[in-house]
Amino acid sequence: MAPSRTRMGAAALGVWLILLMTEPAPADPLPAQADRVVDYQIRVKLDPATRRLTGTERVTWRNPSTEPVSDLWFHLYLNAFKNTKSTFYRESGGQLRQDQAAKDSWGWIDVTSLKIAGGPDLTRAITFEHPDDDNADDQTVARVVLPEPVAAGGSVTLEIAFTAALPQVFARTGFKHDFYLVGQWFPKLGVYEPAGMRGRTTGAWNCHQFHASSEFYADYGTFKVEMTVPSNYVLGATGVRTAETKNGDGTTTYTHEQSDVHDFAWTVDPDYTVVKGTFSATKDVTPAEYRQVSRLLGRSLEDVMLSDVEVTALVQPGHLPQAQRHIDSAKSAIKWFGLWYGRYPYKTLTVVDPAPGAGGAGGMEYPTFITAGTSFLMNRWPFDRVRGLEMVTIHEFGHNFWYGLTGSNEFEEAWLDEGINSYSTGRVIDLVHGA
């Protein structure tokens with residue numbers, strides 16, 4: 001039986017008192033940036049008539065090990081929805097988080113060309129691997145053997161062309177009418193773990209198949225993504241918007257860029273209402289709060305000072321009375337996660353309110369980009385007092401820390417993201433809204 005809240009609260013108080021009475025140890029300096037292993041430059045176009053993506057990808061991978069590496073492993077996550085033979089479908093039966101896959105709405109990704117930049121075409125060298133089981137029909141992991149190994153500390157650049165079909169919203173990605181949540185959508189490198197990393201005796205690729213109960217793991221890097229969509233669609237995406245070009249054919253190309261992240265996701269919907277707010281490091285945190293955290297963590301005031309963040313909520317028309325709740329929840333999360341665990345280092349945060357019937361896209365995290373979830377019932381009393389919207393927004397933002405900034409392996413070490421993040425979410429909810 002779980003301990004009572006009273007005993008848990010007393011124990012927690014005791015721990016905090018010990019911490020407060022203990023002289024803080026000197027703090028290690030925080031790194032200025034992540035170890036950038038990959039660089040993605042992607043151009044993609046959405047065709048709403050076919051629900052398909054057509055894209056090109058230029059990816060540069062740096063060998064982080066002290067030994068040559070002779071092959072590259074990629075995730076092709078959308079192939080989990082290709083048919084009933086995939087490992088994901090066999091394990092889930094087409095159901096995830098009480099969300100059922102739509103009949104005859106399949107998703108897939110096809111690498112139509114893969115070559116070394118300025119070098120040979122390797123498309124025919126692609127093989128599908130199944131490192132986790134004996135399912136030869138699963139196509140969520142691809143491997144390509146290189147003509148020459150990548151030297152220790154060296155790099156290789158590939159040019160990839162791909163097409164993809166999105167399923168009706170299911171398991172974090174897809175479409176519902178004109179709403180699109182485009183997640184896990186591009187050929188994405190696994191993680192090469194050198195000998196000594198996470199207990200390895202020899203270096204090898206960590207590149208799991210897409211499973212029914214599955215999360216993600218990737219290297220940090222930089223992304224520059226150009227997304228071409230119908231001009232009447234409102235777009236949100238990971239990172240900072242650096243360009244917007246109307247093409248004269250009824251489409252617009254939006255460019256977003258972000259460094260020091262491990263993934264990239266985006267959304268479009270012509271019905272979105274854009275609501276903006278700003279987390280202010282000087283207005284939303286008091287000097288007393290900064291001083292308290294500085295003493296507790298043994299860091300200077302400069303170390304614990306947070307940064308301003310532009311917060312964007314993309315809200316469905318039927319949920320507009322809840323728009324400010326999305327903004328306020330995001331600001332609360334930026335504040336308290338930042339004070340407790342270190343500043344949120346990015347300039348933007350986008351909170352997505354999925355369309356009605358697209359609940360499978362809700363409650364998901366990507367760097368600087370999260371999906372929430374609510375209902376029109378929450379517009380009015382007494383349901384407007386239910387804090388589900390707040391909890392899911394704070395929780396999904398929290399994944400920008402666990403695992404977003406800590407870089408743990410969500411697939412193999414779920415307690416380091418879901419476990420610690422659930423604890424952190426509860427602390428913020430209790431502090432802001434009461435126990």
Side-chain angles (χ1 to χ4, degrees), residues 31 33-42 44 55 57-65 69 71-80 88 109 111 129 131-132 140-144 150 155-158 160 162 164 171-173 181-194 197-198 200 203-211 213-225 237-239 256-266 345-346 364-371 396 398-414 416-418 421:
Q33 66 180 50
D35 183 16
R36 297 173 179 172
V37 176
V38 290
D39 177 273
Y40 290 96
Q41 298 181 43
I42 306 174
V44 61
E57 173 181 322
R58 183 181 176 91
V59 56
T60 299
W61 178 74
R62 176 179 60 82
N63 181 357
S65 75
V69 175
D71 58 0
L72 298 175
W73 288 56
F74 287 86
H75 293 287
L76 300 178
Y77 287 114
L78 283 176
N79 280 342
F88 174 91
I109 181 169
V111 175
E129 305 293 331
D132 303 332
T140 58
V141 172
R143 173 182 180 233
V144 61
V150 182
S155 63
V156 61
T157 298
L158 299 180
I160 301 171
F162 65 94
R172 307 181 177 97
T173 194
L181 193 288
V182 188
Q184 306 301 336
W185 55 281
F186 59 95
K188 180 181 176 185
L189 280 164
V191 177
Y192 189 85
E193 296 182 329
M197 183 176 179
R198 301 175 64 254
R200 280 196 178 275
W205 284 95
N206 188 313
C207 193
H208 289 286
Q209 296 160 243
F210 198 9
H211 292 264
S213 297
S214 179
E215 295 287 351
F216 308 103
Y217 179 43
D219 277 313
Y220 293 102
T222 59
F223 284 83
K224 179 180 181 181
V225 182
T238 291
H256 280 233
E257 300 183 53
Q258 186 62 62
S259 299
D260 302 319
V261 293
H262 50 72
D263 206 351
F264 190 102
W266 53 287
Y346 310 114
M364 188 55 193
E365 75 280 356
Y366 294 98
T368 80
F369 178 98
I370 62 175
T371 67
E396 301 310 333
H399 281 301
N400 276 268
F401 285 74
W402 323 110
Y403 86 111
L405 294 175
T406 57
S408 57
N409 182 335
E410 282 189 305
F411 185 98
E412 297 176 9
E413 301 157 351
L416 286 172
D417 62 287
E418 290 296 347
N421 189 36

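Predicted model only: the values in this text are computed from it and were never measured.
Checking side-chain atoms of Thr238 against main-chain N and O of Phe264 turns up no donor-acceptor pair under 3.5 Å. Formation of a donor-acceptor pair under 3.5 Å by the Thr173 side chain with backbone atoms of Leu181 is found in this model. Side chain of Trp402 to backbone of Ser408: no donor-acceptor contact under 3.5 angstrom is found. Judged by distance alone, with hydrogens and angles left aside, the side-chain atoms of Asn400 form a donor-acceptor pair with the main-chain N or O of Thr368 at under 3.5 Å. Between the side chain of Asn63 and the backbone N or O of Val150 there is at least one donor-acceptor pair closer than 3.5 Å.
When side chains are defined from C-beta on, Arg62 counts as touching Asp35, because their heavy atoms get closer than 4.5 Å. Put simply, the side chain of Leu189 reaches to within 4.5 Å of the side chain of Trp205, judged on heavy atoms. Proximity of Glu418 to His399: side-chain heavy atoms (C-beta onward) are separated by under 4.5 Å at one or more points. Taking 4.5 Å as the limit, some side-chain heavy atom of Val69 sits within range of a side-chain heavy atom of Trp61.
When the ring pair (Phe, Tyr, Trp, His ring centres under 6.0 Å) test is applied to His262, the partners found at least two apart in sequence or on another chain are Tyr403. By the side-chain hydrogen bond (donor to acceptor under 3.5 Å, both in side chains) test, Trp266 is found to be paired with no residue, residues two or more places apart in sequence or in another chain being considered. Considering only residues two or more places apart in sequence or on other chains, Lys224 meets the salt bridge (charged side-chain N to carboxylate O under 4.0 Å, His left out) condition with none of them. Legend: residues meeting ring pair (Phe, Tyr, Trp, His ring centres under 6.0 Å) with Tyr40, ordered by chain and number and at least two apart, are Phe186, Phe223. Taking Ala164 as the reference, Leu53, Leu78, Ile109 meet the side chain to side chain contact (heavy atoms under 4.5 Å, CB included) condition, with sequence neighbours excluded. Checked against salt bridge (charged side-chain N to carboxylate O under 4.0 Å, His left out), Asp260 has the following partners two or more places apart in sequence or in another chain: Arg36. For Asp132, the side-chain hydrogen bond (donor to acceptor under 3.5 Å, both in side chains) test picks out His208, His211, with sequence neighbours left out. With sequence neighbours left out, Phe88 forms a ring pair (Phe, Tyr, Trp, His ring centres under 6.0 Å) with Phe81, Phe170, Phe210. Every residue two or more places apart in sequence or in another chain was checked for a ring pair (Phe, Tyr, Trp, His ring centres under 6.0 Å) with Tyr220, and none qualifies. Applying the side chain to side chain contact (heavy atoms under 4.5 Å, CB included) criterion to Leu405, with sequence neighbours excluded, gives Pro345, Tyr346, Phe401. The side chain to side chain contact (heavy atoms under 4.5 Å, CB included) test applied to Thr60 returns Asp39, Ser155, Thr157, not counting sequence neighbours. Residues forming a side chain to side chain contact (heavy atoms under 4.5 Å, CB included) with Arg198 (at least two apart in sequence, or on another chain): Glu193, Asn206, Tyr217, Asn409, Glu412, Glu413.
The shortest heavy-atom contact between Gln184 and Asp263 is NE2-OD2, 3.0 Å. The shortest heavy-atom contact between Phe162 and Pro187 is CD2-CD, 3.8 Å.
The OH atom of Tyr192 sits 8.0 Å away from the CZ atom of Arg200 when rounded to the nearest 0.5 Å. One finds the SG atom of Cys207 at 9.5 Å from the CD atom of Glu129 (value rounded to the nearest 0.5 Å). Atom CG of Leu158 sits about 9.5 Å away from atom CZ of Arg58, to the nearest 0.5 Å.
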Report task. Begin from the C-alpha positions of His256 and Phe369 and carry the test side chain to side chain contact (heavy atoms under 4.5 Å, CB included) through to its verdict. Result -> CA-CA 12 Å; His256 280 233; Phe369 178 98; over 6 Å; no
Query raised in the report: So Lys188 and Glu57, salt bridge (charged side-chain N to carboxylate O under 4.0 Å, His left out) or not? Walk me through it.
Result: CA-CA 10 Å; Lys188 180 181 176 185; Glu57 173 181 322; over 6 Å; no
Report task. For the pair Val111 and Leu76, evaluate side chain to side chain contact (heavy atoms under 4.5 Å, CB included) and give the outcome as yes or no after the intermediate values. Result -> CA-CA 9 Å; Val111 175; Leu76 300 178; 4.1 Å; yes
